[in-house]
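Reading through the structure tokens given below for one structure.
All residue numbers in this chain count up from 1 along the given sequence. Side chains are part of it too, since the values below use all heavy atoms of this structure and drop only hydrogens, waters and symmetry mates.
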Amino acid sequence: YFPAEYSDGVPAFTKYIDSTRSPNCKGKAYVSFYIDLDGSVRCVKITGDINELCKSDLKTAFERIPNFQPATKRDKIPVWSKSVIPINFK
């Protein structure tokens, strides 16, 4: 099993998330989502101690994120996967 990866790498993923956040967000959020067979992000859920506007903005950002490389299992067969990412807003 090989986990899903952001197509452009971790630095680009971090830069994308930083560019979409509201300056008024403070606290910690957990973003859970699924990555389907073609790398699309599905079923985004935001939890944590940030306000509802920030949760909504973060959810929209993840729903619009460019595709990931999907997770694969033996023989490079794409499979659905779930990810949970903590994000700190300072």
Side-chain angles (χ1 to χ4, degrees):
Y1 176 81
F2 295 95
E5 295 179 345
Y6 187 60
S7 299
D8 295 329
V10 173
F13 178 76
T14 302
K15 185 176 180 179
Y16 173 78
I17 295 304
D18 286 345
S19 73
T20 63
R21 71 180 179 95
S22 167
N24 297 326
C25 289
K26 301 222 183 314
K28 188 169 190 173
Y30 295 90
V31 183
S32 63
F33 57 96
Y34 289 91
I35 300 167
D36 71 11
L37 301 178
D38 71 358
S40 299
V41 173
R42 306 276 185 226
C43 306
V44 178
K45 183 178 177 184
I46 311 294
T47 58
D49 64 354
I50 60 173
N51 67 46
E52 292 304 314
L53 179 60
C54 293
K55 286 180 182 179
S56 177
D57 289 347
L58 193 54
K59 182 175 181 180
T60 299
F62 268 81
E63 290 171 341
R64 294 180 179 170
I65 199 166
N67 284 0
F68 281 71
Q69 294 294 325
T72 56
K73 63 180 184 177
R74 60 182 137 53
D75 298 326
K76 298 190 179 188
I77 299 168
V79 294
W80 279 69
S81 62
K82 181 177 182 179
S83 291
V84 179
I85 299 175
I87 298 177
N88 288 311
F89 294 99
K90 298 177 181 179

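- Note that the CD atom of E63 and the SG atom of C43 stand 9.5 Å from one another [nearest 0.5 Å].
- A donor-acceptor contact shorter than 3.5 Å is absent between the side chain of S56 and the backbone of E52.
- With D38 contributing its side chain and S40 its backbone, the two residues share a donor-acceptor pair below 3.5 Å.
- I17 belongs to a hydrophobic cluster with Y6, F13, Y16, V31, F33, I35, V41, V44, I46, I50, L58, F62, I65, F68, I85, I87, F89, counting contacts under 4.5 Å between side-chain heavy atoms of Ile, Leu, Val, Met, Phe, Trp and Tyr, direct or through other members.
- In this structure a side-chain-to-backbone donor-acceptor pair under 3.5 Å is present from D49 to K28.
- Taking both residues in full, the closest heavy atoms of K90 and K26 are given as O-NZ, 4.0 Å, listed atom of the first, atom of the second, then distance.
- Between S32 and K82, the shortest heavy-atom distance links the atoms CB-CE, 4.1 Å.
- As a member of the Ile/Leu/Val/Met/Phe/Trp/Tyr network built from side-chain separations under 4.5 Å, L37 groups with Y34, W80.
- Between P78 and P70 the shortest heavy-atom distance is CB-CG, 4.2 Å.
- Between the CD atom of E5 and the OG atom of S83 there is a distance of 10.5 Å, given to the nearest 0.5 Å.
- Within the structure, the disulfide (SG to SG under 2.5 Å) test picks out no pair touching residues 56-88 (sequence neighbours left out).
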